[in-house]
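Comments concern the structure below.
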2 protein chains.
Amino acid sequence: MTTDLRYTVRQLAVIAGVSARTLHYYDEINLLKPGRNPANGYRLYDRTAVLRLQQILFLRELGFSLEEIREVLNQPDFDLLTALEQHRLSLQARRRKLEGLIATVERTISFLKGDIEMDAHELFSGFSEEKQKAYKEEARRRYGAQRVDESYQRWDNYSNDQKLKIMQEGKTIYLDLVEAMPYGPSSPQAQEGIARWHQHIRYFYEPSAEILLGLGDLYNDDPRFNATFNRIHPDLAAFMRQAIQVYCQKMS
Amino acid sequence: MTTDLRYTVRQLAVIAGVSARTLHYYDEINLLKPGRNPANGYRLYDRTAVLRLQQILFLRELGFSLEEIREVLNQPDFDLLTALEQHRLSLQARRRKLEGLIATVERTISFLKGDIEMDAHELFSGFSEEKQKAYKEEARRRYGAQRVDESYQRWDNYSNDQKLKIMQEGKTIYLDLVEAMPYGPSSPQAQEGIARWHQHIRYFYEPSAEILLGLGDLYNDDPRFNATFNRIHPDLAAFMRQAIQVYCQKMS
DNA sequence: CTAAACCATAACGTTACGTTAATGTCAAGG
DNA sequence: CCTTGACATTAACGTAACGTTATGGTTTAG
């Protein structure tokens, strides 16, 4: 009286909660080969096939690829454990990556909402009210009032979206400059980077050699700017100052 | 003296850290259309293209699909914020899913290592030493010593891999029985499920009507078994008891 | 002048199926 | 007996985001 069960595709599909196509596919890739009814060629799944499918679906839910599942199922017993531990590591890595992404997205949202301080130039308008006022006075003394005010206006006129775009451009320029550091401040790589930076700061100032050189100093001497650059690379500010000096000499 | 930059594919690719093929592809799907050198048909990327690429890569890193990126970039300003918040939600959902997977993997690993209690029958050998001894005595009183010992032996002889397979089979049977509940304990659906269960418990006992009926009671009366079944469905144990009674009457 | 190094387009391969589409088979009802 | 509907079969294209050839034209360094 043993229930000599032989499921057809759809029957097994319904039981297991997958589509018939899935079973066709598993057959096609030799992951789960059913028997065949010689009369009509229909697939016939017996008890062992059902068990194997259960195993497959279990591992699939855990995020294994079908290829990995095949490997695991074709080797017995203990390899399952090591495969699972391996798999756990990759899942954890994926989770860490996701957490990084989420953090970045959240920072970006914060920035777009305006409640976070910004990098480098963006500090100009990103400081808290008090700090901003104090710094503005200092900047006026150093660079002249109308120039500073103009810079503020220019930055404020951008949309949030544009601000984000500009910041990102800045970041890539600084990263390129870091890559140029091994070649020295006079290298074409560095000078190319400074040229891009020169273009970039148009978003803030009408640049002149005076302004460029002043910024080179500012990045080194002002602790707020300096902190920002240090986060990218500890020698970046110094490197940029030198490169800017070379650049301005060539320009004149 | 504006640096009138026009990058070729590979140049931009190197700068941006992507492959030339990627740029070709973005061109192909109209995500980033460069200009063309009319003389030879070469792609030429200008400053605005570079900026747009930066945006694209930024969003891509955040896990946006290229399709989504296109939508975001083709609408200005504020939609970025809502898109980001939307995106954050989906990232968080993915993280939750990952965490569920990791938990399951870890439980499975624990099980394979043998330090966790098991479901239903698996409780027989999965309890802590003390509980196990106590329960074994009880079982001996109820079902006779040699029968219980035989069950233990049978279970212990399986490999970890086989145990896992058996547990999974059991789980699917119980779930199928839950689906059969609306049709009543005498329904073909339920009886089919009980027949599978009957086969299943061969892994533990040489089944007789006496044993089957006894298990039907045990699932309801023993709090440890009952808890396990309640986790699947609050009425499952009661349903199974009735279905088993019907099944045994038909068998006799 | 040639070879290396670049450019272009075309087209297939990847994962795990979903989705037609064309065709064959089976059980039930008129 | 024939039809109808619900099943079965295989074949084939589509998905996302490129990687990887393959084939052929262009530019540049020596």
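Reminder, nothing fancy here: chain letters follow the sequence lines and each chain counts from 1.
Between B:K33 and B:D27 a salt bridge is recorded (basic side-chain N to carboxylate O distance below 4.0 Å). Salt-bridge annotation for A:E28 and A:R21: present, with a side-chain N of the basic residue lying under 4.0 Å from a carboxylate O of the acidic one.
Shown here for B:I69 and B:F64, the closest heavy-atom pair between the two residues is CG1-CB, 3.6 Å. In terms of heavy-atom proximity, A:I244 sits nearest to A:G216 at CD1-CA, 3.8 Å.
Boundaries of the chain B contact region on DNA chain D are D:dA17 to D:dT27, first to last in 5' to 3' order (nucleotide atom under 4.0 Å from a heavy atom).
Between A:I56 atom CD1 and C:dC17 atom C1' there is a gap of 14 Å when expressed in whole angstrom units. Nucleotide C:dA8 holds its C1' atom 14 Å from the CG atom of B:L23, rounded to whole Å. Following rounding to the nearest Å, A:H24 (NE2) and C:dC17 (P) show an atom-to-atom distance of 14 Å. Going from atom CZ of A:F64 over to atom C1' of C:dT15 covers 17 Å, rounded to whole Å. Regarding B:R6, its CZ atom lies at a distance of 16 Å from the P atom of C:dC7, rounded to whole Å. Atom CG in A:L32 sits roughly 15 Å away from atom P in C:dA16 (whole-Å rounding). The CD-P distance, from B:E28 to C:dA8, rounds to 13 Å in whole Å. Computed from coordinates, the A:E68 CD to C:dT15 P distance equals 11 Å when rounded to whole Å.
Mapped onto DNA chain D by nearest heavy atom, B:I29 and A:T8 fall at different nucleotides, with A:T8 at the one closer to the 5' end.
Set against C:dA16, C:dA8, C:dC7, the side chain of B:R10 has C:dC7 as its closest nucleotide.
In terms of modelled atom types and a separation under 3.5 Å, the side chain of B:R70 and the main chain of B:I29 share a donor-acceptor contact. Using modelled atom types, no side-chain atom of A:E192 and backbone atom of A:Q189 make a donor-acceptor pair closer than 3.5 Å.
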N/O to N/O distances under 3.5 Å, protein versus nucleotides 26-28 of chain C:
{"from": "C:dC26", "atom 1": "OP1", "to": "A:N40", "atom 2": "ND2", "distance (Å)": "3.4"}

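Remark: A:R94 CZ is loosely packed, at most 12 non-hydrogen atoms of other residues, nucleotides or ligands lying under 6.0 Å away.
Counting heavy atoms from C-beta on, the side chains of A:Y45 and A:R6 never come closer than 4.5 Å.
At the heavy-atom level, B:R21 lies under 4.0 Å from base atoms of the strands shown.
Phosphate contact (OP1/OP2 of C:dG18, side-chain N/O of A:S19, threshold under 4.0 Å): present.
Between the side chains of B:R196 and B:Q199, no donor-acceptor pair is found at a separation under 3.5 Å.
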